[in-house]
Amino acid sequence: MQRAKRFASCAATREPAVEQLAARVQQAVQRGLDAASTTSARAQRRLEQAADVTGRYISDQPVRSVLIAAAAGAAITALIVLASRRRDDY
């Protein structure tokens with residue numbers, strides 16, 4: 001009987017501590033979600049700005065833009081070819 005009383009007493013003192021811990025965890029999770037949302041919104045704005053700048057550059061310099069795109073495509077293709085050759089060597 002005495003053990004049951006001690007257990008009940010111990011459980012009663014632990015419940016508020018568990019609730020406090022759960023509340024702190026919930027607050028930390030909410031802060032993390034808020035930070036992730038803010039970071040996502042900031043990244044989206046920057047991406048939109050970059051897209052606008054790129055669009056304006058392409059409008060202002062269409063021939064140069066095509067040449068840059070072709071050079072980038074050739075460089076990427078060359079890297080892929082080199083990487084596949086090295087893989088075949090092993």
Side-chain angles (χ1 to χ4, degrees):
M1 189 70 148
Q2 186 129 4
R3 281 188 180 179
K5 287 182 182 178
R6 273 195 238 161
F7 181 76
S9 174
C10 187
T13 58
R14 286 186 185 176
E15 283 183 24
V18 170
E19 288 178 13
Q20 288 175 348
L21 180 61
R24 278 196 244 154
V25 168
Q26 190 173 10
Q27 290 170 351
V29 168
Q30 188 60 49
R31 283 193 306 270
L33 290 173
D34 291 344
S37 177
T38 301
T39 301
S40 175
R42 187 180 308 132
Q44 187 173 0
R45 281 193 307 272
R46 287 182 181 172
L47 187 60
E48 288 170 356
Q49 290 171 347
D52 290 343
V53 169
T54 303
R56 274 188 259 124
Y57 183 82
I58 291 170
S59 296
D60 294 343
Q61 305 283 334
V63 174
R64 190 178 221 179
S65 299
V66 169
L67 292 175
I68 290 171
I76 291 170
T77 302
L79 290 173
I80 291 171
V81 168
L82 285 173
S84 66
R85 282 187 187 168
R86 289 185 181 171
R87 207 176 304 147
D88 291 340
D89 291 342
Y90 293 109

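Heavy atoms only: backbone and side chains are in, while hydrogens, waters and symmetry mates are out. Keep in mind that what you see is a predicted model, and the values were worked out from it rather than measured.
From Gln27, atom CD reaches atom CZ of Arg24 across 8.5 Å, with rounding to the nearest 0.5 Å. Rounding to the nearest 0.5 Å gives a distance of 8.0 Å between CG of Leu47 and CD of Gln44.
Between Arg85 and Val81, the closest side-chain pair of non-hydrogen atoms falls below 4.5 Å.
At least one donor-acceptor pair closer than 3.5 Å links the side chain of Thr39 to the backbone N or O of Ala35. Looking at Thr38, its side chain does come within 3.5 Å of a backbone N or O of Asp34 through a donor-acceptor pair.
Grouping the Ile, Leu, Val, Met, Phe, Trp and Tyr side chains by contacts below 4.5 angstrom, directly or via other members, places Ile68 apart from Val53.
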